[in-house]
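The structure appears right after this line, and notes come after that.
Everything numeric here is computed off the predicted structure, so don't read it as measured data.
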2 protein chains.
Amino acid sequence: MRKINSTNALNEAQLIRNCGVVHALSIIGGRWKPTILFNLLYGKMRYNELLKSIPGVSERMLIAQLRELEQHGLIRRIVYPEVPPKVEYELTTLGKSAGPMLQGISDWGNKLRNKKTATTKNTAGISA
Amino acid sequence: MRKINSTNALNEAQLIRNCGVVHALSIIGGRWKPTILFNLLYGKMRYNELLKSIPGVSERMLIAQLRELEQHGLIRRIVYPEVPPKVEYELTTLGKSAGPMLQGISDWGNKLRNKKTATTKNTAGISA
DNA sequence: TCAGGTACTAACAAAAAAGTAAGTATGCGT
DNA sequence: ACGCATACTTACTTTTTTGTTAGTACCTGA
């Protein structure tokens with residue numbers, strides 16, 4: 001759990017206030033968030049679809065990251081009152097606004113990787 | 001220390017291979033790296049200068065992040081054989097190439113913050 | 001009545017990141 | 001002989017993030 005008065009938390013809070021990059025990364029960073037966002041850039045997806053299309057995520061992690069993205073207003077959770085349950089996630093306008101930035105980061109990251117290895121293995125980025 | 005066979009490490013490695021964003025963030029992310037990079041965008045700086053211009057970093061953290069940036073080829077460490085010691089850090093070409101990306105992330109982060117609070121308090125970003 | 005499908009939740013454990021405090025090396029000036 | 005300045009190291013603790021496992025709730029069809 002989060003200790004709001006730890007040096008760590010205070011440092012983070014200050015950096016978030018002062019540095020746009022740290023602020024942005026506190027929202028789109030983390031182990032699974034970039035991949036989730038990339039998936040949703042193409043349209044809405046159900047919980048199970050996300051789970052299947054992101055190799056390695058556990059349910060707990062997926063839900064946790066979805067919740068955070070939702071709290072930050074990047075995605076919207078749409079519940080259909082059916083049985084069995086049906087829940088879809090889609091990007092909000094804010095979430096979509098992150099697209100070009102994500103693309104920029106992705107490009108830089110991929111360029112860097114391609115400098116070191118000749119093989120190109122991008123399956124999760126927007127671009128090829 | 002890093003366990004190379006933990007699920008965590010394996011997941012991270014896979015994501016780094018497949019997702020440009022995760023790859024990029026593994027290099028420029030972390031608590032202090034963005035701020036360090038912003039500082040160096042304006043020119044080279046000595047270790048102590050960095051320490052003073054980044055409120056809240058401990059020496060250990062600063063060194064650790066500088067070492068990682070150096071290992072990833074974003075910065076160069078220049079040692080002057082003097083006493084007392086003098087060491088400067090500067091961006092490499094690769095480091096400089098991250099500038100526009102950092103600016104993009106910073107802009108998005110700042111825009112987001114300015115939507116929520118009316119006050120603008122950016123002191124560490126490239127832009128005002 | 002019982003398994004099946006969907007979307008979760010909770011309790012706990014492991015790993016990683018960040019922070020704290022104290023120490024090291026070197027030559028110079030006093 | 002001693003403290004100063006600079007740029008670090010080292011050993012250790014705390015905090016945070018990530019992963020594991022076993023549930024829960026609901027209706028449906030067999």
Side-chain angles (χ1 to χ4, degrees), chain A residues 1-16 22 25-36 44-70 75 77-89, chain B residues 1-16 22 25-36 44-70 75 77-89:
Chain A
M1 232 202 238
R2 277 274 186 174
K3 311 255 166 132
I4 56 174
N5 276 326
S6 65
T7 304
N8 187 334
L10 295 175
N11 277 340
E12 189 188 20
Q14 219 220 22
L15 283 166
I16 284 179
V22 174
L25 295 189
S26 75
I27 291 168
I28 60 145
R31 177 71 86 251
W32 306 101
K33 289 205 194 103
T35 310
I36 293 172
K44 51 180 121 168
M45 286 178 82
R46 295 182 63 171
Y47 168 77
N48 256 337
E49 291 178 319
L50 282 168
L51 194 62
K52 280 167 199 157
S53 63
I54 303 176
V57 231
S58 66
E59 308 201 10
R60 174 170 136 46
M61 276 293 111
L62 180 56
I63 286 284
Q65 311 266 304
L66 285 171
R67 291 282 184 272
E68 288 181 27
L69 288 170
E70 192 189 358
I75 66 175
R77 182 165 171 270
I78 307 163
V79 183
Y80 297 86
E82 302 173 1
V83 168
K86 177 176 174 183
V87 177
E88 285 184 335
Y89 291 91
Chain B
M1 231 202 237
R2 277 280 192 171
K3 312 257 166 128
I4 56 173
N5 277 327
S6 64
T7 305
N8 189 333
L10 295 176
N11 278 339
E12 188 188 23
Q14 220 220 20
L15 284 166
I16 284 178
V22 174
L25 295 189
S26 75
I27 291 168
I28 61 145
R31 176 72 86 251
W32 305 103
K33 289 206 195 101
T35 310
I36 292 172
K44 51 180 123 166
M45 288 179 81
R46 295 183 63 171
Y47 168 77
N48 256 338
E49 292 178 317
L50 281 168
L51 194 63
K52 280 169 199 154
S53 65
I54 304 177
V57 231
S58 66
E59 307 200 10
R60 173 170 135 49
M61 275 295 112
L62 179 57
I63 286 285
Q65 311 266 305
L66 286 171
R67 290 283 183 272
E68 288 182 27
L69 288 170
E70 192 189 358
I75 66 174
R77 183 165 172 270
I78 307 162
V79 183
Y80 297 86
E82 302 174 3
V83 169
K86 177 175 172 183
V87 178
E88 285 183 333
Y89 293 92

Of A/I75, A/I28, A/V57, A/L66, the one forming a side chain to side chain contact (heavy atoms under 4.5 Å, CB included) with A/I36 is A/L66

Mind checking whether B/M61 and B/R31 have side chains closer than 4.5 Å, heavy atoms only?
no

Nearest whole angstrom, please: distance from the [atom2] of [N] to the [atom1] of [X].
X	N	atom1	atom2	value
B/N48	D/dA5	CG	C1'	9 Å
A/N5	C/dG19	CG	P	14 Å
B/N8	C/dA13	CG	C1'	13 Å
B/Y89	D/dT6	OH	P	15 Å
B/E68	C/dA18	CD	P	8 Å
B/E82	D/dA7	CD	P	10 Å
A/I78	C/dA7	CD1	P	13 Å
B/K3	D/dT17	NZ	C1'	15 Å

Only one of A/K86, A/E59, A/R77 forms a side-chain hydrogen bond (donor to acceptor under 3.5 Å, both in side chains) with A/Y47, so which one is it?
A/E59

Please name the pair of heavy atoms, one in [X] and one in [Y], separated by the smallest distance, quoted to 0.1 Å.
X	Y	result
B/Y80	B/K44	OH-NZ, 4.2 Å
A/I4	A/L10	O-CD2, 3.7 Å
B/L25	A/L25	CD2-CD2, 3.5 Å
B/S53	B/M45	OG-CE, 3.5 Å
B/P85	B/R46	O-NH2, 3.3 Å

Let me see the working for A/E49 and A/E88 under side-chain contact (heavy atoms from CB on, under 4.5 Å), right down to the final yes or no.
CA-CA 9 Å; A/E49 291 178 319; A/E88 285 184 335; 5.9 Å; no

side-chain N/O [X] vs [N] OP1/OP2, d < 4.0 Å:
X	N	result
A/R67	C/dC8	yes
A/T7	D/dT15	no
A/R31	C/dA16	no
A/S6	D/dT16	yes

To the side chain of A/V87, which of C/dG19, D/dG19, C/dA7 is closest?
C/dA7

Can you list, by residue number, the residues of residues 51-66 of chain A that have a non-hydrogen atom closer than 4.0 angstrom to DNA chain C?
A/E59, A/R60, A/I63

Closest-nucleotide mapping onto DNA chain D: is B/N11 or A/A9 further toward the 5' terminus? I mean the 5' end.
A/A9

Sort me out a list of protein N/O and nucleotides 27-30 of chain D N/O pairs below 3.5 Å, or just none if empty.
none

